[in-house]
Amino acid sequence: GKAMAGVIAFPFPIREAELKARITVGERILKLEENLVQANKRLEHHVLYDMLTDLMDRRALYKLAQGEIERARRSSASLSIVFLDIDGFRTINEEHGTLVGDEVLKTVANLIREKSRPYDGIGRWAGDRFVIVLPGVAGADAENVAERILKSAASSGLTLPDGRSVRIRLSAWAAALYRV
């Protein structure tokens with residue numbers, strides 16, 4: 001057939017029902033591909049993040065810390081790492097059960113997230129231990145970060161459905177790598 005300006009002429013007749021069916025199939029394939037991409041993103045997230053706290057897991061945190069240490073060495077920048085541990089966590093689990101223990105872990109994760117900068121590396125190292133990688137932060141400032149988190153935890157707690165409360169206490173240590 002002849003092509004006119006802006007119109008493509010097909011050498012065969014196109015049936016409207018068949019065209020609609022093909023478009024529907026094409027849309028369905030595109031939707032399935034989009035669902036697959038989203039599922040892969042969720043899977044990647046679960047591989048790198050702790051499912052309970054939604055913080056980086058140990059492997060992702062270790063990789064991030066290695067990169068930040070190398071960056072600090074190359075650029076002679078400061079870098080600090082804060083380690084946090086929940087005091088008496090085993091007792092909390094024994095007295096109140098692991099579901100309450102899980103809530104304590106989530107509460108601590110949220111406190112750390114709130115008191116950290118968006119670009120700090122925050123993760124759950126193992127059990128009741130957390131790590132914060134602080135790029136550009138020297139030792140004394142890392143201690144201030146840790147102190148803010150400790151105070152925040154001490155002033156908050158977890159209220160149970162029966163009205164009892166669980167006090168949250170943390171211990172912290174800081175290590176620093178910096179050049180003068």
Side-chain angles (χ1 to χ4, degrees), residues 41-180:
K41 285 181 182 178
R42 284 192 302 275
L43 184 59
E44 279 180 23
H45 183 83
H46 289 310
V47 167
L48 299 174
Y49 286 81
D50 176 64
M51 290 181 66
L52 181 66
T53 62
D54 202 34
L55 297 177
M56 280 188 273
D57 70 3
R58 182 180 193 150
R59 184 178 30 194
L61 191 59
Y62 186 75
K63 185 175 180 177
L64 174 98
Q66 283 181 314
E68 289 297 337
I69 289 169
E70 186 57 36
R71 184 187 338 263
R73 283 189 182 136
R74 278 194 319 267
S75 64
S76 297
S78 299
L79 173 71
S80 293
I81 299 177
V82 172
F83 302 88
L84 296 152
D85 184 72
I86 301 173
D87 297 339
F89 186 68
R90 177 178 285 155
T91 303
I92 291 171
N93 276 333
E94 289 170 358
E95 288 181 8
H96 304 287
T98 56
L99 291 178
V100 171
D102 287 351
E103 289 304 314
V104 169
L105 290 169
K106 288 189 242 180
T107 299
V108 170
N110 288 331
L111 289 172
I112 295 169
R113 200 179 282 117
E114 289 170 6
K115 300 298 178 190
S116 300
R117 302 170 301 183
Y119 51 88
D120 292 335
I122 308 167
R124 183 172 170 207
W125 190 253
D128 64 335
R129 286 175 251 145
F130 298 85
V131 174
I132 311 168
V133 178
L134 301 163
V137 174
D141 291 332
E143 290 174 11
N144 292 337
V145 169
E147 189 63 33
R148 278 197 318 265
I149 294 168
L150 294 178
K151 285 181 181 176
S152 180
S155 67
S156 66
L158 186 65
T159 303
L160 303 177
D162 64 8
R164 293 182 299 159
S165 64
V166 176
R167 292 178 51 181
I168 299 174
R169 296 285 181 258
L170 302 175
S171 296
W173 302 265
L177 166 72
Y178 56 95
R179 308 259 195 271
V180 178

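None of these values were measured; they are calculated from a predicted model.
- A pairwise comparison of heavy atoms in A153 and L111 identifies CA-CD1, 3.6 Å as the closest pair.
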Would K106 and L52 count as a side-chain contact (heavy atoms from CB on, under 4.5 Å) if you check the C-alpha gap in whole Å, the side-chain angles of each, and the deciding distance to 0.1 Å?
CA-CA 7 Å; K106 288 189 242 180; L52 181 66; 3.6 Å; yes
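- Within 6.0 Å of the CZ atom in R117, the count of heavy atoms belonging to other residues, nucleotides or ligands exceeds 12.
- Shortest non-hydrogen contact noted between A142 and V82 is O-CG2, 3.8 Å.
- Atom-to-atom distance recorded for Q66:CD and I69:CD1 is 7.5 Å, nearest 0.5 angstrom.
- For the atom pair CH2 (W125) and CZ (R59), the distance works out to 12.0 Å, reported to the nearest 0.5 Å.
- Without hydrogens or angle criteria, S80 side chain to L134 main chain gives no donor-acceptor distance under 3.5 Å.
- Residues L64 and G121 approach most closely at CD2-CA, 3.5 Å, considering heavy atoms.
- Between L105 and D128, the closest heavy-atom pair is CD2-CA, 3.9 Å.
- Taking CG from L170 and CZ from F89, the interatomic distance works out to 11.5 Å, rounded to the nearest 0.5 Å.
- The shortest non-hydrogen separation linking V100 to L158 is O-CD2, 3.9 Å.
- The shortest distance between side-chain heavy atoms of I132 and I149 falls below 4.5 Å.
- Under a 3.5 Å cut-off, the side chain of T107 and the backbone N or O of E103 do form a donor-acceptor pair.
- For the pair P135/D120, a side-chain contact is recorded, criterion being any heavy-atom separation below 4.5 Å from C-beta on.
- Here the side chain of R124 pairs a donor or acceptor atom with the backbone of G127 at under 3.5 angstrom.
- Separating the CG atom in D162 from the NE2 atom in H96 is a distance of 8.5 Å, to the nearest 0.5 Å.
- Taken from CD1 in I86 to CZ in R129, the straight-line distance is 10.5 Å, to the nearest 0.5 Å.
- Going from atom CD of E114 over to atom CD1 of I112 covers 10.5 Å, rounded to the nearest 0.5 Å.
- One side chain, S171 or D87, offers a donor N or O that lies under 3.5 Å from an acceptor on the other.
- Taking 4.5 Å as the limit, every side-chain heavy atom of L84 sits out of range of all side-chain heavy atoms of V108.
- S152 approaches S155 most closely through the heavy-atom pair O-OG, 3.1 Å.
- In summary, the side chains of N110 and R113 do present a donor paired with an acceptor at a separation below 3.5 Å, with no hydrogens or angles considered.
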